[in-house]
Structures are given as structure tokens and as C-alpha cells.
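Being a predicted model, the structure only gives us computed values, none of them experimental.
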Amino acid sequence: MARHLITSALPYINGIKHLGNMVGSMLPADVYSRYLRQRGHDVLYICATDEHGTPAELAAKERGLPVDEFCAQAHDAQKAVYDGFALAFDYFGRSSSAENRDITQHFARKLNENGFIEERAIRQVYSPTDGRFLPDRYVEGTCPHCGYDKARGDQCENCTRVLDPTDLIEPRSAISGSTDLEVRETKHLFLLQSKLQHEVEEWVARHEADWPQLASSIARKWLTEGLHDRAITRDLDWGVPVPADTWPELAAEGKVFYVWFDAPVEYIGATKEWADQDPASRDWKSWWYEADDTVRYTQFMAKDNVPFHTVMFPATELGVREPWKKVDYVKAFNWLTYYGGKFSTSQKRGVFTDQALDILPADYWRYFLIANAPESDDSSFTWEHFTATVNKDLADTLGNFVNRVLSFSRKRFGDEVPAGGEPGEAETRLGEEIASLLAEYETQMEALQFRKAASALRALWSAGNSYLEEKAPWLEIKTDKDAAALTLRTAMNLIHLYAVVSEPFIPASSAAMRAAFTLPSDTATWTTQEEARTLTTLQPGIPFTVPPVLFAKLTDEDLEAYKERFGGTEA
């Protein structure tokens, strides 16, 4: 089987993420990873917290903590939420690791050797009060375009205009609040992306036809506009330090690499972190170095991260002139909005992942988000839509099927799978339908079409309900007990099939369905189409139990409570 390397965009360290961040990267990567593992592939799913840059330092300052201590706590807090969502990372690392530092510095040295890094003098805001140069986010002031008085030196959050610190009216230091600011000359390292333009264009041209239109169109737009040389260092206390053996003067000044340069390297760094935990049996380089013919690499991200992963980091890898693995397939997502407006961490708008788990178990969220993933365009989260989806798909279609089959069978036939008669025409039709729907589900999962895969999975669940309504065992038992037993045994086999194939979407509920049956050995990782046609995994006499209700229906009172707590009107 193929070896699959999977990464999702690194969540930034300064705060718990919202549902839009979850569905735009980590959750679909987890669903796909789980599916591939079930199909027998060798999978490595890597992610990490992105910990460098000015927002980390500012968040630590706000909390009154040293930045390294803040990042350690924030990493653990984020990891706890992702564990709650049952994200099955093979490793969840940190970009502040020694491994990422070493590989980032190696990349910088090689780029410099190959003529793709240049030291340039630039003019930058300096604060005599703080005794330091101020990177863009360390300068605040009034936006010249909209008058917002808390605009940052890189962008106004209110009107979204891109800014330079010198554009701000009445600028002040975000550290001390001092308005005694000067513009002084300082030196920084620039990555000469302009010299790599044609190589990146050729690389993108070889891959873009296979990518989703969203990913390829964004990459092509950046290339059409032209790659510009970009500064890759900043004056910060927290980051990967510029190596003194190559740039002694800049290292002495405390320069660190800018977060956009070191963060993508952390995919490699985190893989080395993973390998360093068990070096005797894990080889990180086999996934990343000279691995083009042995590894299929898939990245998951929202559209704002696409330029970094389709243009900028590939430029870095190409410029290193070493055979590092580059992405094969970029699964890009549009935005999930909240009632038509943006989720916002700073403005506390929308549902955040820790809050979601406080309200309902992870499977409710996992299913809803993937079934409504913003693939072809933006999609809007509303409590009305969420409630309707949970009630119709999870509670009524799947949960009710499981409960009424097992409860009715236990009541009329006891705690073992009943025997009954031989399968007939209805069972043959059902088997063909299930095999066909399973094939559709597999096709869409392998194509990374998540909404279509969810639709096929929902159709599988619906097929069981249609079969049950057609056979009506509650009526059959009055005239033909064996026929009713056959119907229930067939339906129980469907439950076991659902437990297996639904696992990528709803792992906890799938485990509960599987655990309802006391099989001598239940090692099935997938159900073949032939097994789906016969539906004979569960033989008569196998003990079963009725699990607790898988999914509770949400009431009008629940809906109103959610809207009151989080807001529920169009933006």
C-alpha cells in the first residue's frame, strides 16, 4: 500500500481556535487520515502549534508570562481541545522545538550558499523608550483610511486595509505605549523569491491540474503578480535565531527568522520530533528526503494559507537545492462563516472549539462540519442549520435506526442475534444498494470530496431505514417470526457495517455501535463491497447489548439557548 504523508495548517498559538479553523484544516485531514488507515495504507499525520511571531509575544505580555511559558501552556490547551475532537495526529509538535530550529537554520544556510538570501538595509520604526526596533505588529495607531484607533502596523482589523507602520496616525509602541518613535536604518535578510519565479512556475504547472480550482487559482494569481523578495528576519526576542556562524552581526543584534519562513519548515521539524521519540523504529527522512517516488503528500488548509504552501514554501524548498519532499495535493477550503460574517478570535464572534465541546460531544460537530465543508464556496454556520442536521441525519436517520433495531430485537428475541429464515429478494436488493453506495462513498473519500462523501454516508444510513420500513418486522412478527428475525439480523449487520465505515466521521459513535456486538474477534478495518452484498458478518447467536442513545435530538429550547449565548443573526 502507498505511504501517505498528511499535514494540516499549523494553528497559531495565541488562543483556542473557532469552528472555521477546525473545518478548514485539521478535521478534514483527520477524516482522510482515518479513512486511509482503515484501507490499509501507511499514514503519517503531522501537525503542530505555530509559536513564533509578534502575536505570541504580545499575548504572553498580556498574560504576564514569559513567552516560552505562555506558549507551553497554550500548546497544551490547544492539544486538549484537539484530543476532545478525537483528532488522531501521529504527532502534534511545536514550532519552537530544537528540531525546527536546526532544520530552519540549515535551510537558511543552504539558501544563502545558493545565492537566494541577501542582506539589505531598511528603515524601521525604533522606540527609544523600549530600546528596540518595533516589528509591524508592535506599532499601533489610528488607521488613515477608516479612523480605527487600534490599527496595527501591518493591517487594520476594522477595514482590513494592509498598512505599513509609518502609515499610522499617532503611532505608539504596543509594548510601552510610548509615542516617542523614530525611523532608523537596520539590516535584515531577504529571500530572493524573484530569482526563483520561473522554477516555482514550472513546479506549479506540473501539479495544478490535479489540485482543486481554489488552490490552483490562488497559486496562479500570486505567480501572475510576480514573486517579490521578502524579508525573512525580525527584531524579536522569540523565534528561531539567525545562525551566528553565517551572519554574526545580525545574530549579535538578536535577529530571528520571521514566522512565515520557519513555520512551514515545522512540518519537517515535527516529523523529526516524532522520530526522535523512537529513533530505533522511526525514520523521519524517509518521509521527507528523496521521497518523491515513495510518499504521497497531501496538505489541508483554508484559502488564506494557500499562497504560503503552493508558492512561498515551494520556493524555499527549490532554493535549498536538496531533494526535500514537496506537496503533491493541496486540499484548500473556503471560509466557514457565522451567520454570514467572519468568525473572529479577537472579537469573540462565533463558536470556538472548546465551547463546542462544552455543549455537545465531538461527533455532533465532526459530522456537521464535514457534511457542510466549505469546499466549492463559503458556507455559513447557523444554529438552525446545525440543529436540523443533527436531528435529521444523526438522531433520526442513524441513531433511531440503531436503537429501534436493537431494542425491538432484544424485546422479541432476547440478547443474541436472531437466526430467522434465508435472505430473500428484499435482502438481495438491499445488498446491491449498499454495495453501490459504499463504492460511491469510497470514490468520494479518495477524491477528497468531503460533502459528497458525507452525502454517500448519509445515503447508506437511509438505506437501512428504507429496508426496515419495507420489511416492517413489527408486523412480520405477527405472522412469520422467522421473517422478522431475518429482517432484524440483516439490520444488525447494517449497524456493524455503519460502525466500520462511519468511523472517519464519527469515531466515538462508531466505537459504541461496534461495541454493541460481542464478536469473538472484531478486527475489521473496512467492509468490502462483497461483504456489503451479503451482510453476514454477524451470525445468529452473537450476544449484543443496546447502547445508550447515540445522538440526542436538539429541541427548540436548545436552539434558543444557543442563539442567546452566541448570537444568531445575520452579519
Is any side-chain heavy atom of [Y] closer than 4.5 Å to one of [X]?
X    : Y    : value
H75  : I13  : yes
Y367 : L398 : no
L519 : L538 : yes

Tell me whether the NZ or CZ atom of K285 lies within the 45° cone about the ring axis of Y289 and under 6.0 Å from its centre.
yes

Looking at F333, is K331 sitting on its ring face, NZ or CZ under 6.0 Å from the six-membered ring centre and within 45 degrees of the normal?
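Positive - K331 is close enough to the ring of F333 and near enough to its axis.
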
Taking [atom1] in [X] as the centre, count heavy atoms belonging to other residues, nucleotides or ligands within less than 6.0 Å. Is the count above 12?
X    : atom1 : answer
E422 : CD    : no
K563 : NZ    : yes
K303 : NZ    : yes

Strictly under 6.0 Å, is that where the ring centroids of [X] and [Y] end up?
X    : Y    : answer
W335 : F343 : no
W383 : F381 : yes
Y297 : W287 : no
Y35  : W526 : yes
Y329 : W211 : no
F368 : H385 : yes

Any idea how F386 and W365 line up, ring-wise: parallel (<30°), tilted (30 to 60°), or perpendicular (>60°)?
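Rings of F386 and W365: parallel, as their planes differ by under 30°.
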
Measure the acute angle between the ring planes of Y498 and W461, then classify it against the limits of 30° and 60° as parallel, tilted or perpendicular.
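Ring orientation of Y498 relative to W461: perpendicular.
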
What's the verdict on side-chain hydrogen bond (donor to acceptor under 3.5 Å, both in side chains) for S95 and N100, showing C-alpha distance, side-chain angles and the deciding distance?
CA-CA 6 Å; S95 69; N100 191 46; 4.8 Å; no

How close do F85 and A362 get, heavy atom to heavy atom, and via which atoms?
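Taking every non-hydrogen atom into account, CA-CB, 3.8 Å.
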
Before giving the answer on side chain to side chain contact (heavy atoms under 4.5 Å, CB included), spell out for R366 and L27 the whole-Å C-alpha distance, their side-chain angles and the decisive distance to 0.1 Å.
CA-CA 7 Å; R366 288 178 63 101; L27 181 55; 3.8 Å; yes

Salt bridge (charged side-chain N to carboxylate O under 4.0 Å, His left out) with K471: which residues, sequence neighbours excluded?
E427, E476

Whether the side chain of [X] engages the backbone of [Y] through a donor-acceptor N/O pair (distance < 3.5 Å, no angle test) should be reported.
X    : Y    : answer
Q38  : T525 : yes
S286 : D283 : yes
T387 : L559 : no
N400 : A395 : no

Run the salt-bridge test on [X] and [Y] with the 4.0 Å N-O cut-off and return the result as yes or no.
X    : Y    : result
E51  : R94  : yes
K272 : D276 : yes
E446 : K452 : no
R429 : E432 : no

Report the C-alpha separation of D278 and S281 in whole Å, then their side-chain angles, then the decisive distance to 0.1 Å, and conclude whether the side-chain hydrogen bond (donor to acceptor under 3.5 Å, both in side chains) test is met.
CA-CA 6 Å; D278 186 8; S281 59; 2.4 Å; yes

Take R37 and Y32 through the test side-chain hydrogen bond (donor to acceptor under 3.5 Å, both in side chains) and record every step on the way to the result.
CA-CA 9 Å; R37 291 190 193 105; Y32 186 56; over 6 Å; no

Given Y91 and E273, is the side-chain hydrogen bond (donor to acceptor under 3.5 Å, both in side chains) satisfied, shown in steps?
CA-CA 8 Å; Y91 191 76; E273 292 175 57; 3.2 Å; yes

Once you round to the nearest 0.5 Å, how far does CD1 of I46 lie from OG1 of T7?
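Going from CD1 on I46 over to OG1 on T7, the span is 9.0 Å.
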
Enter the distance from L488:CG to F413:CZ here, rounded to the nearest 0.5 Å.
6.0 Å

Could you please spell out the steps behind the side chain to side chain contact (heavy atoms under 4.5 Å, CB included) verdict for S510 and V500?
CA-CA 7 Å; S510 291; V500 174; over 6 Å; no

Using the test ring-ring contact (aromatic ring centres under 6.0 Å, His included), find all partners of Y267 that sit at least two apart in sequence or belong to another chain.
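With sequence neighbours excluded, Y267 shows a ring-ring contact (aromatic ring centres under 6.0 Å, His included) to H309, given in chain and number order.
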
